[in-house]
Amino acid sequence: MISKSKNASLSTILPVDSFKELTAPASNAAKRLLDCIFEREIDGELVRVRIVETEAYDQTDAASHSYKGRSQRTDIMFGPAGYLYVYFTYGMHYCANVVVGEAGYGAAVLIRAVEPLGNEGLLERRRGGKSGIELTNGPAKLCQALGINKQLNGHNLREAPLRLVLAPQLSSEAIVTTRRVGISQAKDVLWRFYVKDNSFVSVK
DNA sequence: AGCGGGATTTTCT
DNA sequence: GAAAATCCCGCTT
């Protein structure tokens with residue numbers, strides 16, 4: 001039971017929701033998420049990975065699932081920041097996004113690549129024997145490696161079995177900005193970001 | 001090293 | 001009915 005102190009201010013008692021830093025536009029949050037950590041519990045084991053490549057998608061952007069408004073599929077994108085949006089694509093693959101921005105604004109950041117921080121044996125098994133950068137250097141690859149599927153759509157990233165832990169903002173000199181991958185609308189928008197010189201980045 | 005096709009389901013027109 | 005925020009394999013240079 002937490003008792004209320006007479007003297008302590010409210011801000012020292014209540015935990016700060018760090019996900020409020022994931023503000024719109026989605027491009028802002030996409031840069032903010034570089035270098036941040038996912039902690040995934042799977043098969044009773046813990047795997048930590050570092051985000052090294054992201055893409056921004058928001059409702060002002062023709063390439064975004066949220067562009068044409070809320071639907072059954074995109075509903076989670078219009079919720080508050082800090083939840084997972086998982087979609088299925090090309091008949092085979094899942095892709096993972098972090099919902100960003102205020103509730104009511106449809107925005108999310110696609111996680112395109114992560115760098116494993118230990119326990120790579122588990123990832124290798126889930127990836128059918130692949131190893132090294134092939135474990136997680138693509139949006140569907142990292143979902144397979146981390147066991148992310150539609151069951152985790154709408155998951156709160158403050159909770160097990162998949163937590164997002166924010167790291168300090170990466171310096172702008174360490175971030176490369178480019179066009180997004182695999183889209184046909186809004187091709188020239190520079191909303192893809194990755195950690196400079198990181199070998200896990202999917203497309204250089 | 002680069003190109004082409006197949007896998008296979010959700011979503012919207 | 002077609003396209004899709006992809007990946008992998010096999011064939012050709």
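A, B, ... follow the sequence lines: proteins, then strands. Residue 1 opens every chain.
Less than 4.0 Å separates DNA chain B from no heavy atom of any residue of residues 121-138 of chain A.
For the pair A:Tyr87 and C:dA5, the ring geometry does not qualify as stacking, because the centroid separation below 5.5 Å and plane angle under 30° are not jointly satisfied.
Here A:Glu55 pairs with A:Arg112 in a salt bridge; the nearest charged N to carboxylate O distance falls below 4.0 Å.
A cation-pi arrangement, defined by a distance under 6.0 Å to the six-membered ring centre and an angle within 45 degrees of its axis, is present between A:Arg180 and A:Tyr57.
Under the side chain to side chain contact (heavy atoms under 4.5 Å, CB included) rule, A:Val86 has a single partner from A:Ile148, A:Asn97, A:Asn149, which is A:Ile148.
Heavy-atom neighbours of A:Tyr67 OH from other residues, nucleotides or ligands within 6.0 Å: at or below the threshold of 12. Counting non-hydrogen atoms of neighbouring residues, nucleotides and ligands closer than 6.0 angstrom, the CD atom of A:Glu159 exceeds 12 such neighbours. The number of heavy-atom neighbours closer than 6.0 Å to CD of A:Glu102, taken from other residues, nucleotides and ligands shown, is 12 or below. The number of heavy atoms from other shown groups lying within 6.0 Å of CD (A:Gln72) does not exceed 12. Within a 6.0 Å radius of NZ in A:Lys204, other residues, nucleotides and ligands contribute more than 12 heavy atoms.
Per the geometry, CZ belonging to A:Arg70 stands 18 Å off C1' belonging to B:dT11, to the nearest Å. Remark: P of C:dT6 and CZ of A:Arg180 are 11 Å apart, rounded to the nearest angstrom. As rounded to whole Å, 13 Å separates atom C1' of B:dC12 from atom CD of A:Gln185. Distance, A:Tyr94 OH to B:dT11 C1': 15 Å, rounded to whole Å.
With sequence neighbours excluded, the residues forming a side-chain hydrogen bond (donor to acceptor under 3.5 Å, both in side chains) with A:Arg127 are A:Gln144, listed by chain and number.
Using a 4.0 Å cut-off, some side-chain N or O of A:Arg112 falls inside it from OP1 or OP2 of C:dT6. Not one side-chain nitrogen or oxygen of A:His65 sits closer than 4.0 Å to the OP1 or OP2 atom of B:dT11. In this structure, A:Ser184 does not reach the C:dA3 phosphate: none of its side-chain N or O atoms is under 4.0 Å from OP1 or OP2.
Sequence neighbours left out, not one pair with a member in residues 163-204 of chain A passes ring-ring contact (aromatic ring centres under 6.0 Å, His included). Within the structure, the salt bridge (charged side-chain N to carboxylate O under 4.0 Å, His left out) test picks out the following pairs touching residues 138-147 of chain A (sequence neighbours left out): A:Glu134-A:Lys141.
Residue A:Leu110 is in base contact, counting any heavy-atom pair closer than 4.0 Å across all strands shown. Counting non-hydrogen atoms under 4.0 angstrom, A:Arg73 reaches the backbone sugars and phosphates but no base. Heavy atoms of A:Lys187 sit nowhere under 4.0 angstrom from any nucleic acid atom. Base contact: A:Ala63 has a heavy atom under 4.0 Å from a base atom.
Checking C:dT6, B:dT10, C:dC8 against every side-chain atom of A:Lys141, the shortest atom distance belongs to C:dC8. Among the nucleotides B:dT10, C:dA5, C:dT6, the one closest to any side-chain atom of A:Lys150 is B:dT10.
With hydrogens and angles left out, the side-chain atoms of A:Thr23 and A:Asn28 include a donor and acceptor closer than 3.5 Å.
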Write down the protein N/O and nucleotide N/O pairs, taken from nucleotides 6-9 of chain B, whose separation is under 3.5 Å; answer none if there are no such pairs.
from, atom 1, to, atom 2, distance (Å)
B:dT8, O4', A:Gly91, O, 3.0
B:dT8, O2, A:Tyr90, O, 2.8

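Stems are defined here as 3 or more consecutive Watson-Crick or G-U wobble pairs with pairing distances under 3.5 Å; those involving DNA chain C are B:1-7 with C:6-12, B:9-12 with C:1-4.
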